[in-house]
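Here's the structure, in structure tokens; my notes come after.
Each chain gets a letter, A, B and so on, in the order its sequence line appears, and its residues count up from 1.
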Protein chains: 2
Amino acid sequence: MTKNNRPPLTQLVQRGELMSADCPSREILLHMTSRWGVLVLMVLAEGTQRFSTLRRKIGGISERMLSHTLQALEGDGILQRVSYPEVPPRVEYTLTPLGQEAAEKVSALADWIEVSVPRFLQARADRVRKP
Amino acid sequence: MTKNNRPPLTQLVQRGELMSADCPSREILLHMTSRWGVLVLMVLAEGTQRFSTLRRKIGGISERMLSHTLQALEGDGILQRVSYPEVPPRVEYTLTPLGQEAAEKVSALADWIEVSVPRFLQARADRVRKP
DNA sequence: CGGTATCCGTGCAGATACTG
DNA sequence: CAGTATCTGCACGGATACCG
């Protein structure tokens with residue numbers, strides 16, 4: 001379309017082989033764009049954080065969902081969990097290099113949506129006025 | 001982090017006001033990154049398509065989910081539905097300018113994941129070998 | 001502090017059948 | 001051709017309680 005070089009996905013889309021159930025990319029995309037995954041990525045982009053810090057910065061998330069989200073992202077190699085054998089316990093979460101790239105990509109998408117919200121609302125209003 | 005200029009979202013994340021339930025951006029992100037939303041965007045990026053064409057190019061999608069996905073994206077102003085009063089019926093779907101931008105952003109994310117799959121798999125393998 | 005276990009309600013997605 | 005209607009299951013997420 002606006003780009004002259006074909007993106008790899010386009011080829012696969014045309015052959016109906018993109019993002020099939022057997023491809024891990026679907027699962028990774030799911031984790032990265034999940035309700036809390038986006039927020040975890042953006043908060044961790046600020047730097048290493050503890051569990052309770054993450055919980056405080058991400059308003060409204062339960063311990064369960066934070067734990068699950070962190071496990072999913074750790075499983076994808078997006079972040080690293082480091083547990084220190086101390087009392088009281090301390091656990092720190094850090095983005096891997098892969099995770100830092102992931103955070104950039106997700107931020108790019110989320111930022112675009114954020115700044116485009118007025119246009120989305122305008123489009124909605126136009127459809128109401130002249131359907 | 002790697003960028004020097006603060007993205008708008010970062011500010012909001014720190015104040016816990018990002019992507020709250022009342023913000024339409026969450027819903028738009030959901031539609032754009034949903035299982036079928038991604039594929040619809042990428043197929044429509046090729047140009048205007050009919051319902052049955054979309055169904056054929058996106059392997060495995062049911063009529064119900066294609067219909068629902070198209071309605072959601074139309075509701076966001078991402079695509080336009082044009083119905084021609086003929087027999088047999090003909091309906092065409094076209095990305096709006098907003099939708100074309102959306103498709104580019106989603107492609108950028110999806111392409112990155114796609115080309116990064118080997119690195120994701122490598123990260124997984126490393127954790128298995130040295131947990 | 002940093003979690004896990006369990007229960008449970010809601011909503012999304014699939015299958016199937018029918019329609020203008 | 002281009003959908004809608006209905007049923008249904010099961011995964012996702014919230015609340016609660018408990019543990020190292």
Side-chain angles (χ1 to χ4, degrees), chain A residues 16 19-24 26-41 43-44 48-76 79-94 131, chain B residues 16 19-23 26-40 43-44 48-76 79-94 131:
Chain A
M19 300 280 177
S20 48
D22 61 332
C23 185
R26 284 279 353 155
E27 197 183 346
I28 296 165
L29 181 66
L30 209 65
H31 294 160
M32 286 174 57
T33 64
S34 71
R35 172 169 183 189
W36 303 116
V38 175
L39 302 180
V40 167
L41 279 177
V43 173
L44 276 184
T48 299
Q49 315 263 342
R50 301 182 60 171
F51 187 86
S52 51
T53 312
L54 284 167
R55 185 149 151 64
R56 219 178 320 111
K57 291 196 178 179
I58 304 174
I61 190 172
S62 66
E63 290 182 353
R64 181 183 182 273
M65 289 318 297
L66 179 54
S67 178
H68 282 210
T69 304
L70 289 169
Q71 282 177 20
L73 294 178
E74 187 193 6
D76 291 337
L79 59 84
Q80 196 178 11
R81 191 193 112 115
V82 179
S83 171
Y84 297 90
E86 310 170 352
V87 283
R90 182 164 56 101
V91 180
E92 290 184 343
Y93 295 90
T94 311
Chain B
M19 300 279 177
S20 48
D22 61 332
C23 186
R26 285 275 357 152
E27 196 183 346
I28 295 165
L29 180 66
L30 209 64
H31 293 160
M32 288 173 57
T33 64
S34 70
R35 173 168 183 192
W36 303 115
V38 176
L39 302 180
V40 166
V43 173
L44 276 185
T48 300
Q49 315 264 342
R50 300 182 60 170
F51 187 87
S52 52
T53 311
L54 284 167
R55 186 149 151 62
R56 217 178 322 110
K57 291 197 177 176
I58 305 173
I61 190 171
S62 66
E63 292 182 350
R64 179 185 183 273
M65 290 318 297
L66 179 54
S67 177
H68 282 211
T69 303
L70 289 170
Q71 283 175 20
L73 294 178
E74 187 193 5
D76 290 338
L79 59 83
Q80 197 178 11
R81 191 194 110 114
V82 179
S83 172
Y84 298 90
E86 309 169 353
V87 284
R90 182 165 55 101
V91 179
E92 290 184 343
Y93 294 90
T94 311

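The side chain of A:P89 approaches D:dG20 more closely than any other nucleotide in the set C:dG14, D:dA2, D:dG20. Closest to the B:F51 side chain, of the nucleotides D:dG3, C:dA13, C:dC1, is D:dG3.
The phosphate of D:dC1 (OP1 or OP2) has no side-chain N or O of B:R50 nearer than 4.0 angstrom. Here B:Q71 reaches the OP1 or OP2 of D:dT4: one of its side-chain N or O atoms lies under 4.0 Å away. Phosphate contact (OP1/OP2 of D:dG3, side-chain N/O of B:R81, threshold under 4.0 Å): present.
When heavy atoms are screened at a 4.0 angstrom cut-off, B:S52 is found touching the sugar-phosphate backbone but no base atom. Using a 4.0 Å heavy-atom criterion, one finds that B:E86 contacts no nucleic acid atom at all. Among the heavy atoms of the strands lying under 4.0 Å from B:Y93 are primed sugar atoms or P, OP1, OP2 only; no base atom is included.
Side-chain polar atoms of B:E74 and B:Y93 form no donor-acceptor pair below 3.5 angstrom.
Side-chain atoms of B:I61 and B:L39, non-hydrogen and from C-beta on, never get closer than 4.5 Å to each other. Inter-residue side-chain proximity for B:T94 and B:V82 is flagged as unmet; no heavy-atom pair is nearer than 4.5 Å.
Nearest-nucleotide mapping onto DNA chain D: of B:R90 and A:G60, the residue sitting toward the 5' end is B:R90. Take the nearest nucleotide of DNA chain C for A:S67 and for A:P88: the residue whose nucleotide is more 5' is A:P88.
Closest heavy-atom contact between A:F51 and A:E63: CZ-O, 3.8 Å.
With respect to B:L73, the side chain to side chain contact (heavy atoms under 4.5 Å, CB included) criterion is satisfied by exactly one of B:V40, B:I28, B:L44: B:V40.
The distance between atom NE2 of B:H68 and atom C1' of C:dG11, rounded to the nearest whole Å, is 13 Å. Between the CD atom of A:Q49 and the C1' atom of C:dC1 there is a distance of 16 Å, given to the nearest Å. The CD1-P distance, from B:I58 to D:dA2, rounds to 14 Å in whole Å. Rounded to whole Å, the distance from CG on A:L66 to C1' on C:dG2 is 10 Å. B:I61 places its CD1 atom 12 Å from the P atom of D:dG3, with the value rounded to the nearest Å. In this structure, CD of A:E74 is placed 15 Å from C1' of C:dT4, rounded to the nearest angstrom. Taking atom CD of residue B:E92 and atom P of nucleotide D:dG3, one finds them 11 Å apart after rounding to whole Å. Protein atom CE of B:M65 is 15 Å distant from nucleotide atom C1' of D:dT6, rounded to whole Å.
The base of D:dG13 is not paired with the side chain of A:R35 by any donor and acceptor separated by under 3.5 Å. Contact of A:R64 with C:dT6 (side chain to base): a donor-acceptor pair of N or O atoms is detected under 3.5 Å.
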